[in-house]
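Atoms within a ligand are numbered from 1 in the order they appear, just like the ligands themselves. Keep in mind it's a predicted model, so treat the numbers as computed, not measured.
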Amino acid sequence: MADNLYDFGMVGIGVMGSNFLLNMADNGYKVIGFDLDAAKAKHLEEQASPGTIVKGVTTAEEMVSQLDKPRRIMMLVPAGKPVDNVIANLLPLLEPNDVVIDGGNSHYTDTLRRVKDLEQKGIHFMGMGVSGGEEGARKGPSIMPGGDISAWKRVKPMLEAVSAKVDGVPCVAYMGKDAAGHYVKMVHNGIEYAIMQLISEAYDLLKNGLGLDNDELSDVFKKWNEEELQSFLIEITSEIFLRKDDETDARIVDVISDKAGSKGTGKWTSQDAMELPVSIPTIDIAVAMRTLSGYKEERVAASALYHSKTKELKGKEHKDIKKIKDALYFSIIIAYAQGLAMLHKASSELNMEIPLADVVKIWRGGCIIRSSLLETFYKAFKKDKALSNILLNKNIGRLVKKTEKNARNVIALALKSKIPVTGLASAVGYFDAYCSATMPTNLIQAQRDFFGAHTYQRIDKEGIFHTEWIEDVVKEKKHHAETENPQPLQSEEKK
Ligand code: 6PG
């Protein structure tokens, strides 16, 4: 390799892209970033650590011509059209065997299309999830690459170097065929939505139910982060309550509008779960609650019409807070269970061969949903690589059973107090349905067959059956009338 050639190129050097590149440079790689914005290209070079080799350029040609061949180029640009545009601009400059990586949050069907298109042109394309936000990109993200296996082999050492580490183990692994990398990242975000919704409900219970102020809330979350609930999202929540607003005397959390935004990955998770199909109600609810949060004016009007003031639950006693902690712990496990069950189903249904043990292994560090629970899940998948639902693992079952009662109690109290706990309730509801050897859905089958002749299966023999419901209902009535009452049926019907 000539000395003046760069090891790795990046298209899109906004905060995420430049942080990822600077991280790579800190690990000894020579990196070059391209952005049309000259200020960003300059800023990239200014941020480089002393002794590292970092260059910023403003044309794709400058970047591509200075990369070691076969080239390794990553893009971190907004999902959708921008990704296609970057690929179209790069293509005339590339040569067979070059590797192109999309590190953004692209929809997996777009990635699938791009993998196939570029394969025909001899370019190795990988869809790769990157989690950890801006700080993660700089200091060590969790990285979820998938697709072209030869491309993975060519970038593996670099990605291992920049990724987060847990006990020295890199938080990056091959996530499976085709668009598996982006699929795993999509479900990661679905779980992220669910956990954030569940935490927000715990916040509501602690604040409006028990009456905790921001300092007390921070202390509670800080303590929880030192116990079983230890996780990135609980940790940052504890810090959020302490942050003062720059413009007023208030805490910033109290001046932030309750309209929640989203970029779509949670919605995609729900949509795709319905396609597979697989049941992920807590993730669905999380998406739905962000949507409902946007209906501010209607909520204000409805609250004036219907909602009396929230009653306080009980007191700020340790046991009340512990109940909420257990409810949160229980429902977070259920949220992971739903997301991982979705990956299990997608792995076979979409032929992606997703290694679930590796998924939970690389989620232990660097990513937004990292938590001490992931270690337990990793052990479960190491024992049974084909585990279809983590609730079927005995150790995880023990954690669920320990907290189940308090989860139910908290939901019951919340319902009485008019505190919405749709996420928590969905988790318990999912758990109860999943643990039901028989569900009441036999009645749904009967109804479908009644009005639409949709047929049903029987519990006592194989086959597909249909009942002539109307005729049989009439006969039944007639029989009933004849045995109960000697009067003829016609007179019954006349009544
Ligand atoms: C991550 C995050 C990151 C981002 C999402 C959230 O893993 O680092 O998931 O990808 O925060 O885009 O998106 P919403 O705007 O939809 O909440």
Report summary line: Result for salt bridge (Lys or Arg N to Asp or Glu O under 4.0 Å) between Arg251 and one of Asp245, Asp213, Asp215 points to Asp215
Requested in this report: Name the closest protein heavy atom to atom 3 (C) of ligand 1, giving the residue it belongs to and the distance to 0.1 Å.
Outcome: Lys185 NZ, 3.9 Å
Report summary line: In ligand 1, the atoms that come under 4.0 Å of a heavy atom of Gly133 are 8 (O)
Query raised in the report: For ligand 1, which atoms sit closer than 4.0 Å to a heavy atom of Lys263?
Result: 14 (P), 15 (O), 16 (O)
**Report entry** Donor-acceptor contact below 3.5 Å, side chain Asp35 vs main chain Ile13
**Finding:** yes
Report task. For ligand 1, find out whether one of its N or O atoms is nearer than 3.5 Å to an N or O atom of Arg290. Result -> yes
Query raised in the report: Are any of the side-chain heavy atoms of Pro141 and Asn23 separated by less than 4.5 Å?
Result: yes
**Report entry** Stepwise ring pair (Phe, Tyr, Trp, His ring centres under 6.0 Å) check, Tyr203 with Phe241
**Finding:** CA-CA 10 Å; Tyr203 160 55; Phe241 293 121; 5.3 Å; yes
Report summary line: protein heavy-atom neighbour closest to atom 16 (O) of ligand 1 works out as Tyr193 OH, 2.4 Å
Query raised in the report: If only atom types and distance count, is the side chain of Ser163 paired as donor or acceptor with the main-chain N or O of Cys171 below 3.5 Å?
Result: yes
Query raised in the report: With atoms numbered from 1 as shown, which atoms in ligand 1 lie under 4.0 angstrom from a non-hydrogen atom of Ser262?
Result: 14 (P), 15 (O), 16 (O)
Query raised in the report: So, does Ser257 use its side chain to make a donor-acceptor pair with the main chain of Lys259 at under 3.5 Å?
Result: yes
Report summary line: Within 4.0 Å of some non-hydrogen atom of His188, the atoms of ligand 1 are 7 (O)
Query raised in the report: Pick from Tyr378, Phe381, Phe377: which one makes a ring pair (Phe, Tyr, Trp, His ring centres under 6.0 Å) with Tyr336?
Result: Phe377
Report task. Check whether the side chains of Ser106 and Asp102 place a donor and an acceptor atom closer than 3.5 Å, and report yes or no. Result -> yes
Query raised in the report: Does an N or O from Ile368, backbone or side chain, lie closer than 3.5 Å to an N or O of ligand 1?
Result: no
Query raised in the report: What residue and heavy atom of the protein are closest to atom 12 (O) of ligand 1, and at what distance?
Result: Asn105 ND2, 3.4 Å
Query raised in the report: atom 11 (O) of ligand 1: which of Glu135, Glu192, Arg370 has the nearest heavy atom?
Result: Glu192
Query raised in the report: Hey, are Asn393 and Asp384 close enough side-chain-wise for a donor-acceptor pair under 3.5 Å?
Result: no
**Report entry** Pick from Ser131, Gly190, Cys367: the one approaching atom 1 (C) of ligand 1 most closely through a non-hydrogen atom
**Finding:** Ser131
Requested in this report: Please confirm whether Gly132 comes within less than 3.5 Å of ligand 1 when only nitrogen or oxygen atoms on both sides are compared.
Outcome: yes
Report summary line: Taking only non-hydrogen atoms of Asn189 and a 4.0 Å limit, the atoms of ligand 1 in range are 5 (C), 7 (O), 9 (O), 10 (O)
